[in-house]
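Below is one structure, written out as structure tokens; comments come after it.
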Amino acid sequence: MTAFFANYLGYDAGWFVATIIGILLIALPLMLAVAMIIYADRKIWAAMALRRGPNVVGPFGLLQSFADGLKVFLKETIIPSSANRGLFLIAPIITFTVALLAWAVIPFGPGMVLANVNVGLLYILAISSLGVYGIILAGWASNSKYPFYSAIRAAAQMVSYEVSIGFVLVTVVLWAGTFNLSGIIEAQRAHIFGFINGFAFNPLLFPMAVVFLISSMAETGRTPFDLTEAESELVAGYQTEYSSMSFALFWLGEYGNVLLMCALNAILFWGGWLPPVDWAPLYLVPGIFWFFGKILFFFFVMSWIKATVPRYRYDQLMRLGWKIFLPISLFWIFLVSGYLMLTRYGV
Amino acid sequence: MIQTIAFYLFATLVIASAALTIVARNPVHSVLWLILSFFNAAGLMVLVGAEFIAMLLVIVYVGAVAVLFLFVVMMLDIDFAELRAGYAQYLPFGVLLVLVLSAEMIFAVSAWSAGGIALSASVAPVPEGVPNIEALGTLIYTRYLFIFEGAGLVLLVAMIGAIVLTHRTRSGTRPQNVSQQVKRRPQDAVRKIDQPVGQGMDL
Amino acid sequence: MSNTASLLLTLPELILSVGSLALLMVAAFVGDSATRAVTWASAALLGVAALAALFPANGGGLAFDGLYHADAFSAFAKLLIYIAAAVSVVVAPRFFERAAPLRAEYPILILLSSIGMGMMVSAGDMLTLYVGLELQSLAAYVLASFMRRDSRSAEAGLKYFVLGALASGILLYGISLVYGFTGTTLFSGVARAFGDGLSTGELFGLVFVMAGLAFKISAVPFHMWTPDVYEGAPTPVTAFFASAPKVAAMALLVRVAVEAMGPASSAWQQIVIFSALASTILGGVAAIGQTNIKRLLAYSSINNVGFALFGLVAGTAEGVAAVMTYMAVYVAMTLGSFLCVLQMRNAAGEPIETIESLSGLSRTRPALAAAFAMFMFSLAGIPPLFGFWPKFLVFDAVVGVGLWPLAMVGIATSVIGAFYYLKIVKTMYFDEPAPAYAPVTSYTEGTLIAVSALFVSPLGYLAIPALGAASLAAARSLF
């Protein structure tokens, strides 16, 4: 695309236009996807609770999310009088922007990536570590006690689980030999027995896939790790004082992050845009469909868990992160690197 | 051209947010400006081709250190009036620091322009086509292995120190006993009875 | 050189690292009941590491492309450091048992600190120097406030930390200047660059590095932290501070001055002369008014460091050998004095630190008084005792390079210093007895006091041939 525009506009301007178009091509469908995924979440949740879920607006209630969006858009933005105005308004913007930023390095198919950088995985880690600021700032700027509790919980929770996520990523990187996400996907081609694609089918990496799936739920604050907005303890956590569009931005950002984590699960352990098996006819289906299918599958798993599992207590959450995941993933780095040293690099 | 624009954007933001870190009256705002400054510094690192350092800067400083820092600052109960009362008292000291720092800067810049710093001549050449993670890794795990492990021990000492100095066993907490929870079976906790009407419950 | 060969040369650090990590696991899983075993295991580890340092693989050499030196100098310094560390480990349990059982982290922190000190004395690169120094200091900050319920201990830790961090910053600033202007952090490379003439930037770097290191040996004008930290820290920790890190920092200073900045000796010589003179004078004068024995010993250590620096002023192999001999004898004297301070506890077992309480010690505890007097006389450098010999060597080296006026001033200052040492002896022997101390219950401490007293007694002169040869060999390996 860059080359196409560069032909007409010169390199700099062409690059600029191509990048802008690329960003729009990712961000706009993502917004649409978030709207639909919220609907799907509610439907799955309802089905598991033997309810109907949204079924009024549009066919099967498909337009429910858009109706909700329109509603919050038309409401008044209320800023509490003792809140810190600037930070109060900027917090949801940070959450939302950060949720979009990480998608820049996600490969949707062979060569279909906005920025194919060497350190893609580190970039994702860096961006996802920024996500916590939206919540902390929201909690602090609200100048209200429940949001503040929530902010403190969020900060501790995210920092804790980022540690084990980081170690899990290291095991993947060790095996793939690159931080580039497309490279990681390519490394999974015909990974097991010469025809199964995906690190998760590797018995050495499968436990890490599980740890990553659970940690990604904790990182996005999904049930059973939604301590930050535990309604029975903290009203609505950091969102308590928010209304209207600022509330909607939190909502969008949160689901954007959930989708991102599903995509990461697919990319890191389940072969991204590769079909599950390295068999020529399967490649006739475009990679992007495999990728979206995997994302949707993981989203279903997350909704399933959300619908069935009770919330953790705070000390249990910390215990799981620090006393179980951290030692396991640390030990696994040792195991994986030792195995690779023996087999791939010959000591 | 894009690089030039990006450089001036990042550089301006680094300096501006660094200045605002000092000027901001609210310490929380100061920390936030500091974070913005870190973030833009990472942008500058990307521009010079040190993408690994840039990402580390964001992950470590912005993602972890500054979060905890923000955490502490938010919890502080600071009396701003009192803080500013000391301003005049420490002014001479501040002026002295400014003088020393500016002297150093002038000195460094003049040495630079006089050709006193010939760093580019003496540093190891950057290998072509090797990502800087690999380049760093090969150095850290061979030549600098000993120091790298030493740095690991420094961090370990910091951790031991923090635990030794602050850890205390608190009474009255009810920590989770996982093995006990797992061992518990329904028949230990639940009893099904057919309660006859009008008779007392057997608890 | 291959990594394996390099790693073999760093065997003392490897032994201590692996050992301390293993002991840390034991301490974490067994708990405080393991303290006794961990303490003795740590002392044993230090002994093994000392053996490994004395007999390096392939007879020593450079490891990791010159980042690490395993030579006679580092072996000599490491031996002293490990002995001092082991003594501070084994005397601790009895001191701490009064308040609460000693936590097993104490010996482990000392081990980790010893690794850092080993890195310092073996450093062949600014990076090794800095990482070693930080490892040593960070463990020391924690040790200083080890009795966290005691406000003085907490204060000592905090003061040490803040000032130590400042000194590290100064040192790092100097290192970055040196690196910026010479383009290398290797000592040999820095020396080569300094040999081509000293630019202003390099001079600034040199001054900052020297200042940072002067803080670590607590030489004037960077001594302010010493009395407060020594007074507040638990006594076994103070004994440790006064011995092992002093040796390490002094050896490091000598190595940096000779190996990295040797060609610029005229530049650092003035700094060292000033620091040596100021330390001896201030250490002597400020100690006079002290009423707390630990503070007094802090000033005594400042004073002694000043004398040791005179050896460095000479800048010759003989001068460096004199510094090393001085440090060896100083470790014995200072450890002995602090062991005596450890015996100062009232009938209830509470430690007392006032000089007053020493009154008439010769009548209540004659042996302890005799040992203490011996250490005091030796620290003062009064001839029949062994403490005189290194002072003589140091001034001999200074005179050897023709700086005899400096030697005259130095000798004059040692007379000032002698005053307060003699005052303690007078208190012990001629004043009316104060309430008696609690009786000794530990044979370890008694034996250690006896051994160090023997070493500083005139009998110590028997060690001169061995000590002299070893320190000269150590010094030669730098030139």
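Residue numbering restarts at 1 for every chain, and letters A, B, ... go by the order of the sequence lines.
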- chain B contacts, top residue of A:Asp315, A:Leu87, A:Val163, A:Val159 (heavy-atom pairs, under 4.5 Å):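 Top option by heavy-atom pairs under 4.5 Å: A:Leu87.
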
To check you understand the geometry: which heavy-atom pair defines the closest contact between [X] and [Y], and what is its length?
X	Y	result
A:Tyr123	B:Met55	CA-SD, 3.6 Å
B:Phe71	A:Ala156	CE1-N, 4.4 Å
A:Glu162	B:Gly63	OE1-O, 4.4 Å

- Item | Proximal component of B:Ala66, with respect to chain A [non-hydrogen, under 4.5 Å] |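 Contact with chain A is through both the backbone and side chain of B:Ala66.
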
Item to complete: Under 4.5 Å heavy-atom distance to chain A, tell me which part of B:Leu70 shows up: side chain, backbone, both or neither.
Response: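 Contact with chain A involves the side chain of B:Leu70 alone.
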
Is [X] atom [atom1] crowded by more than 12 heavy atoms from other residues, nucleotides or ligands, each under 6.0 Å away?
X	atom1	result
B:Phe38	CZ	yes
B:Trp33	CH2	no
A:Tyr146	OH	no
B:Gln180	CD	no
B:Arg184	CZ	no
B:Ile59	CD1	yes
A:Phe88	CZ	yes
A:Arg313	CZ	yes

Separation between CG of A:Leu137 and CD1 of B:Ile35, rounded to the nearest 0.5 Å: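 If I round to the nearest 0.5 Å, the distance is 7.5 Å.
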
Hey, which residues of residues 129-136 of chain A are touching chain B, say heavy atoms under 4.5 Å apart?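 Result: A:Ser129, A:Leu130, A:Val132, A:Tyr133, A:Ile136.
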
side-chain contact (heavy atoms from CB on, under 4.5 Å) with B:Val178: of A:Gln316, A:Arg319, A:Lys323, only one passes, and it is A:Arg319

### Query
Between A:Phe179 and B:Phe52, what is the ring plane arrangement, given parallel below 30°, perpendicular above 60°, and tilted in between?
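The rings of A:Phe179 and B:Phe52 sit tilted, inter-plane angle from 30° to 60°.
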
Checklist entry - Can you check side-chain contact (heavy atoms from CB on, under 4.5 Å) on A:Leu122 and B:Ile133, steps first, answer last? => result CA-CA 11 Å; A:Leu122 285 179; B:Ile133 304 174; 4.3 Å; yes

Q: Kindly indicate whether the side chain of B:His29, heavy atoms from C-beta on, has any atom under 4.5 Å from the side chain of A:Asn84.
A: yes

